[in-house]
Amino acid sequence: MALRTEELLLNMGPQHPSTHGVLRLVVTLDGENIVDIQPDIGYLHSSVEKMMEYRTYLQNVALTDRGMDYLTALANEEGYLLAVEKLGGIEVPPRAKWLRTIMLEFQRISSHLVWLGTWGIDLGATTVFLYCFRERERILDLFEQVTGGRLHHVYFRPGGVYEDLPAGWTDRALEFCDEFPTHIQEYDDLLTGNPIFLARTQGVGILPTDVAINMGASGPVARASGIAFDVRKAFPYEAYGQVEFDVPVLADGDCYTRYMVRMEEMRQSTRIIQQAIEHLPAGEIRSKVQVTVKLPRGETYARTESPRGDLGVYLVSNGDDTPYRVKIRAPSFSNLFALIEMMRGWKVADVIAILGSVDIVLSDVDR
Amino acid sequence: MSPNTPPPRPLPSTILPLEKAVDVLDQLPGGGFILTKIEYVLNWGRAASLWPLTFGLACCAIEMMAAFAGRFDLDRIGVIPRATPRQADLMIVAGRCSIKMAPIVRRLWEQMPEPKYVLSMGSCATCGGPFYYDNYSILKGIDQVVPVDVYVPGCPPRPEALIEGILKLQDKIKVEPFLRRPIAAKA
């Protein structure tokens, strides 16, 4: 007599210790193999795009911090303000450009550290979390000295930045940058050679290059699948055109490759910060822009490289002091749906490893 | 003083220095025990081992994680995260809660065993915060769904503020009439 088998529908989330935020995954299982996976999103929908239509361009800066990807507040501000400055023809002084570059790269490191720590917990390596947050606290201290906030900074303004660096900040930042590569080496020692870690990540959750392009994946996820695209290189903004850095591109497309890409990105970010502090020009930090800035009628699209990928902001203005429409192209949203292709055919135990390696933030997905 | 005559007993209101404590205890029949209120001991034990549900909604969850990590280390005050509501007695609602998420928060709260507490972390969980006006999707305060014991303000609150909130909750637990406490689900 044949054993009767049937597919099992498994519900993961929205409260699950390893879904990063409030994501619900409906997994169709055949035994232990994943047949299909369907993400159910919208549990953190904050109607940010609608709220932006009722707030002035300056007020919206605070909203981008919270409503979009909360791990990368400054990258959101940058994406939004690039669109505002492009449409309004607002000049940014050179010093502000360099300051923004420094802050954005610190934000990238701190975001990747949260990713590494939480992914470590997902894979059972709790120590990494404590190590990562130790370094992250130091970055947050640096942020706090400049912006006054740990997580939500509201530091970038239309036409520049809010405040100049406090005395001695660059020395402290350089001290951190000198030290940080040794800490990355520590994470390497904990994870990179660890056979359990390798068994759970190497060759798992492969995203082929053509699928990555079709699904619109971007950022480290795409670069781990062999797509050599980085907005910082392709469409340089702020001071990225004037600094030297490499974009790590690897071709395997598995969880381990995505990990390697992000580790290398942290090293490159350190390089960028060191160069930027060296080149930091003196001068104004903000051009004269009215508090209730009115943009001319028109529309524009600005893209930046947030730590999760290609962050785009489409801004429509009809001449008021509030935007007519803001559409945010969230990198996590596209990367999340590339997940479906990555997971098909793998075991149920790999779901957590693959989901963690994509590094989604649900606030970015749902907005 | 002859060795047979016992030393004079201290008055009940006298506060003795700690090194005298053994002298007093040894006079009592059996010795080595203390008198206290049963509720005080129970509450003292409960307050010192609050196990929260690891349940992050938005940005505040990142600060909650920072509070669990090395620098702030909530383990020091007996707060150990649990992954399932069945083992938890504290729910830290960290972040904004959408209307779609609200029934799930309620269900998680209902799955927790009594006695249970809710700590609302951040402005969004407390009252909607920056998402109060012009917003169609965010719940204006988690207290519309579950009863809240402690509110921690901030956007997001610093880890120190979360620790302060937990200490406030401990103070609240310590003075509770635990054995006569009304069941929260009926309240």
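Annotation for Ser47(A) and Asn135(B): closest pair OG-OD1, 2.9 Å, computed over non-hydrogen atoms. The minimum heavy-atom distance linking Pro130(B) with Arg55(A) is given by the pair O-NH2, 4.1 Å.
Residues of residues 125-134 of chain A lying under 4.5 angstrom from chain B, judged on non-hydrogen atoms, are Phe129(A), Leu130(A), Phe133(A) in numerical order. At a heavy-atom separation below 4.5 angstrom, chain A is approached by Cys155(B), Pro156(B), Arg158(B), Pro159(B) within residues 154-161 of chain B.
Summarising the geometry, atom CG belonging to Asp134(B) is positioned 9.5 Å from atom NZ belonging to Lys50(A); distances are rounded to the nearest 0.5 Å. Distance check, rounded to the nearest 0.5 Å: CD1 of Ile62(B) to CG of Leu140(A) gives 10.5 Å.
Atom OH of Tyr136(B) is surrounded by more than 12 heavy atoms from other residues, nucleotides or ligands within 6.0 Å. At most 12 heavy atoms of other shown residues, nucleotides or ligands fall within 6.0 angstrom of atom OH in Tyr162(A).
Interface check for chain B: of the options Asp69(A), Asp366(A), Asp141(A), the most heavy-atom pairs under 4.5 Å are formed by Asp141(A).
Proximity to chain A (any heavy atom under 4.5 Å) is shown, for Ile99(B), by neither the backbone nor the side chain. In this structure, chain A has a heavy atom under 4.5 Å from the side chain of Phe72(B), while its backbone stays farther away. Contacts between Ala61(B) and chain A at a heavy-atom distance below 4.5 Å are absent for every atom of the residue. Both the backbone and the side chain of Arg96(B) come within contact range of chain A, judged by heavy atoms closer than 4.5 Å. Neither the backbone nor the side chain of Gln59(A) comes within less than 4.5 Å of any heavy atom of chain B. Using a 4.5 Å cut-off between heavy atoms, Pro81(B) makes no contact with chain A at all.
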Side chain to side chain contact (heavy atoms under 4.5 Å, CB included) between Met65(B) and Val114(A), intermediate numbers included
CA-CA 9 Å; Met65(B) 274 157 58; Val114(A) 173; 4.1 Å; yes

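Using a 4.5 Å cut-off on side-chain heavy atoms (C-beta onward), Leu44(A) and Met101(B) make no contact. Inter-residue side-chain proximity for Tyr132(B) and Met51(A) is flagged as unmet; no heavy-atom pair is nearer than 4.5 Å. With contacts defined as side-chain heavy-atom distances shorter than 4.5 Å, the pair Phe131(B)/Arg66(A) qualifies. With contacts defined as side-chain heavy-atom distances shorter than 4.5 Å, the pair Leu57(B)/Tyr43(A) does not qualify.
With hydrogens and angles disregarded, a donor-acceptor distance shorter than 3.5 Å links the side chain of Ser137(B) to the backbone of His45(A).
Applying the side-chain contact (heavy atoms from CB on, under 4.5 Å) test between Cys59(B) and each of Leu151(A), Val361(A), Leu71(A) identifies Leu151(A) as the sole match.
At a threshold of 4.0 Å, the pair Asp40(A)-Lys100(B) counts as salt-bridged, since one of the basic side-chain nitrogens sits closer than that to a carboxylate oxygen.
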